[in-house]
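Contents: one structure, followed by commentary.
Both backbone and side-chain heavy atoms feed into the values below; hydrogens, waters and symmetry mates do not. All residue numbers in this chain count up from 1 along the given sequence. Quantities reported herein were computed from a predicted structural model and do not represent experimental measurements.
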Amino acid sequence: MSKRITVVGGGAAGMMAAICAAEQGAQVTLLEPNERLGKKLNITGKGRCNVTNNADIQGLMANIPRNGKFLYSAFSDFDGRDAMAFFEALGVPLKTERGNRVFPVSDRAFDISGALERRLKRLKVHLVRDRAVSLDIAEEAVRGVRGERGDYPADAVILATGGVSYPATGSTGEGHRMAAQAGHTVTPLRGSLVPLREQGNRCARMQGLSLRNVQLTVLENGKKCYTDFGEMLFTHFGVSGPLVLSASAHMRYFDKKHYRLEIDLKPALDEPTLDKRLLSDFEKYANSDFANALGDLLPQKMIPVVVEECGIPPHQKVHDITREQRRSLLVLLKHFPVEIAGPCPVTDAIVTSGGVKVSEVNPATMESKIVKGLYFAGELLDVDAYTGGFNLQIAWATGRAAGRSAAGA
């Protein structure tokens, strides 16, 4: 008789687990309370779905700052290139962009979730719209799942309920609660890939301003710990946008360390070239007030803040600006500072950092070391990665390992 497996959660990891278990001949029930499968998957990459990273195991491991070693076995069986082959075999053509990020050629996340749904149907996975409430455990082995609408007896259960980021997509921490009830340790949950709150209100004064092609550097207690190039956004609370979300994954010790961002507003110009540009602009606006001479150099919303910060009086005539004053402006343009108070709440984060303690889970099978027949996959585990398709790759690889192992592969 084929094994009965219940998968809790119809996101990326849950769908992959259900597919891989059913491919091994298991009878699979997938519990998902949302009206759609892959709700969070469909909003990743601004709706384009950064499905994985075109990287081998070393490339993947280098982008997992937390508990990467735990994933070595899962990635050895299923790396970024294996994930690409998997989706192309399901009929989704893929392309590789900057930073080896992989997207559907169509730029539609729904093509990824749709391909997974079609595969689930073909494999006759039984989809049930129900919310799991608790695990049925007896004699240190799992016996099934209790839902709001019914009970689901099973020989193995795979928890793949996601983290606590984006609660509107169904990631509400239920899986962590059930794991804890089963005796697992859940490490503190916080946001990663999350917007940042500023100290003060300098960013708030530039709310809505988007900067493109800037370089962002993170300083941890004054030491550079991360730098990247791209776009970011000033908000009413601080900063957001792709550059900032990536940077936040490197800022993990807000309780112990101080963080400052420095923005290079003119990364294409080195200091001597930028100085020449300033001299040329100052010549053009020689008879103007300083505050009126920066329109060619900076976005309008930023000018009052830069004028105030560089210490040159706004009404000083440009032809009276000294070399030292010009130097202070130049330094500010290359190192515009934003003091960070802390991250936004975990509900605003793209992924959750923290989760089921990995030392209590078998890394080769994703099975609990505490409860026989209980498996974990995806964001529920205490692993998270930088941006670039790595978090979804964790979902695919752990989902596959859990599904295959639960079915006895």
(Q) Looking at Thr398 and Gly378, would you say the former's side chain and the latter's main chain have a donor-acceptor pair under 3.5 Å? (A) yes
Q: List the steps and the verdict of side-chain contact (heavy atoms from CB on, under 4.5 Å) for Val218 and Lys224.
A: CA-CA 6 Å; Val218 178; Lys224 188 190 288 192; over 6 Å; no
Q.
Determine whether a donor-acceptor pair (N or O, by modelled atom type, separation under 3.5 Å) exists between the side chain of Gln316 and the backbone of Asp320.
A. yes
Q | Donor on one side chain, acceptor on other, Thr217 and Thr227, under 3.5 Å | A | yes
(Q) Can you see whether Tyr253 has Lys257 sitting over its ring - NZ or CZ less than 6.0 Å from the centre and within 45° of the normal? (A) yes
Q: Validate the cation-pi geometry between Arg48 and Phe103: distance from NZ or CZ to the six-membered ring centre under 6.0 Å, angle to the ring axis within 45°.
A: yes
Q) Which atom pair, heavy atoms only, marks the closest approach of Ala12 to Leu41? A) CB-CD1, 4.4 Å
Q: Decide side chain to side chain donor-acceptor pair (under 3.5 Å) for Asp228 and Ser246; before the verdict, give the C-alpha distance in whole Å, the side-chain angles of both, and the deciding distance to 0.1 Å.
A: CA-CA 9 Å; Asp228 199 6; Ser246 294; 5.0 Å; no
Q: Please test Tyr259 against Asn221 for side chain to side chain donor-acceptor pair (under 3.5 Å), starting from the C-alpha separation and ending with a verdict.
A: CA-CA 6 Å; Tyr259 291 98; Asn221 286 354; over 6 Å; no
Q: Report the distance from atom CD1 of Ile370 to atom OG1 of Thr185, rounding to the nearest 0.5 Å.
A: 6.0 Å
(Q) Given 3.5 Å as the limit, does a donor-acceptor pair link the side chain of Arg149 with the main chain of Arg129, or not? (A) yes
Q: Work out which heavy atom in Gly354 is nearest to a heavy atom in Thr187; give both atom names and the distance.
A: CA-OG1, 3.3 Å
Q) Between Glu220 and Arg260, is a salt bridge (charged side-chain N to carboxylate O under 4.0 Å, His left out) present by the stated rule, with each step listed? A) CA-CA 7 Å; Glu220 183 182 79; Arg260 183 170 86 246; over 6 Å; no
Q) Does a salt bridge link Asp107 with Lys95, judged by any charged N lying under 4.0 Å from a carboxylate O? A) yes
Q. Within the side chain of Thr273, is there an N or O that forms a donor-acceptor pair under 3.5 Å with the backbone of Leu269?
A. no
Q | Passing option when Asp382 is tested against Val361, Val186, Asn67 for side chain to side chain contact (heavy atoms under 4.5 Å, CB included) | A | Asn67
Q) Does Gly144 offer a backbone N or O that forms a donor-acceptor pair with the side chain of Asp136 under 3.5 Å? A) no
Q) Stepwise, does the side-chain contact (heavy atoms from CB on, under 4.5 Å) test hold for Ile263 with Leu243? A) CA-CA 11 Å; Ile263 306 164; Leu243 259 187; over 6 Å; no
Q: May I ask you to check if Arg36 and Phe110 form a cation-pi contact, with NZ or CZ under 6.0 angstrom from the six-membered ring centre and within 45° of the axis?
A: no
**Q.** Closest non-hydrogen atom pair, Gln181 against Ser134
**A.** OE1-CB, 4.4 Å
Q | Results of ring pair (Phe, Tyr, Trp, His ring centres under 6.0 Å) for Tyr285 - residues two or more places apart only | A | none
Q: State whether the side chain of Glu148 and the backbone N or O of Asp130 hold a donor-acceptor pair below 3.5 Å, judged by distance alone.
A: no
Q | Partner of Trp396 under ring pair (Phe, Tyr, Trp, His ring centres under 6.0 Å), chosen from Phe87, Phe78, Phe86 | A | Phe87
(Q) Does atom CD (Glu140) have a neighbourhood of more than 12 heavy atoms from anything else shown, all under 6.0 Å? (A) no
Q | Charged N-O contact under 4.0 Å between Asp384 and Arg252 | A | yes
Q: Using modelled atom types only, decide if a donor and an acceptor are shared between the side chain of Gln325 and the backbone of Thr322 within a distance under 3.5 Å.
A: yes
(Q) For Tyr386 and His250, take the angle between the two ring planes, folded into 0 to 90°, and tell me which bin it lands in: parallel under 30, tilted 30 to 60, perpendicular over 60. (A) parallel
Q: Answer yes or no: does atom NZ of Lys357 have more than 12 heavy-atom neighbours from other residues, nucleotides or ligands under 6.0 Å?
A: no
Q: Under the side-chain contact (heavy atoms from CB on, under 4.5 Å) rule, what do Ile112 and Thr44 come out as? Steps first, then yes or no, please.
A: CA-CA 11 Å; Ile112 296 292; Thr44 60; over 6 Å; no
Q) Are the charged groups of Glu262 and Lys334 less than 4.0 angstrom apart, N to O? A) no
Q. Around atom NZ of Lys372, are there more than 12 heavy atoms of other residues, nucleotides or ligands at under 6.0 Å?
A. no
Q | Identified salt bridge (charged side-chain N to carboxylate O under 4.0 Å, His left out) counterpart of Asp275 within the set Arg323, Lys266, Arg326 | A | Arg326
Q | salt_bridge(Glu32, Lys39) N-O dist < 4.0 Å | A | no
Q: Flag the pair Asp296 and Lys284 as a salt bridge only when some basic side-chain nitrogen lies within less than 4.0 angstrom of an acidic carboxylate oxygen.
A: yes
Q: Could you go through the ring-ring contact (aromatic ring centres under 6.0 Å, His included) check for His184 and Phe376 one step at a time?
A: CA-CA 11 Å; His184 276 274; Phe376 300 101; 4.8 Å; yes
Q. Residues in ring pair (Phe, Tyr, Trp, His ring centres under 6.0 Å) with Phe390, at least two apart?
A. none
Q | Electrostatic pair Arg205:Glu198 at N-O distance under 4.0 angstrom | A | no
Q. Would you call Lys369-Glu367 a salt bridge at under 4.0 Å N-O?
A. no
**Q.** Nearest atoms (heavy-atom pairs only) where Leu135 meets Ala182
**A.** CD1-CB, 4.2 Å
Q: Give a yes or no on whether the backbone of Asn292 and the side-chain of Asp289 come within a donor-acceptor separation of less than 3.5 Å.
A: no
Q) What are the two closest heavy atoms between Ala132 and Leu31, and how far apart are they? A) CB-CD1, 4.3 Å
**Q.** CA sep, side-chain torsions, deciding dist, call: Arg101, Asn53, side chain to side chain donor-acceptor pair (under 3.5 Å)
**A.** CA-CA 5 Å; Arg101 291 166 158 84; Asn53 194 281; over 6 Å; no
Q: Return yes if some donor-acceptor pair links the side-chain N/O of Ser248 with the main-chain N/O of Leu193 below 3.5 Å, else return no.
A: yes
Q) So, Glu324 and Arg327, do they make that salt bridge, N to O below 4.0 Å? A) no
Q.
Counting neighbours of CD on Glu35 that are heavy atoms of other residues, nucleotides or ligands and sit closer than 6.0 Å, is the number greater than 12?
A. yes
Q) Got a second to check how far Ile64's CD1 is from Phe70's CZ, nearest 0.5 Å? A) 12.0 Å
(Q) Restricting to non-hydrogen atoms, name the atom on Ala377 and the atom on Ala402 that form the minimum distance, rounded to 0.1 Å. (A) CB-CB, 4.3 Å
Q.
Can you tell me if Phe229 has over 12 outside heavy atoms packed within less than 6.0 Å of its CZ?
A. yes
Q: Evaluate the salt bridge (charged side-chain N to carboxylate O under 4.0 Å, His left out) criterion for residues Arg202 and Glu339: first the C-alpha distance (whole Å), next the side-chain angles of each, then the deciding distance (0.1 Å), finally the verdict.
A: CA-CA 10 Å; Arg202 187 190 292 149; Glu339 300 291 338; over 6 Å; no
Q: Evaluate the side-chain contact (heavy atoms from CB on, under 4.5 Å) criterion for residues Val307 and Ile312: first the C-alpha distance (whole Å), next the side-chain angles of each, then the deciding distance (0.1 Å), finally the verdict.
A: CA-CA 6 Å; Val307 168; Ile312 302 171; over 6 Å; no
Q.
Please report the interatomic distance CG(Leu30) to CG(Leu127), rounded to the nearest 0.5 Å.
A. 5.5 Å
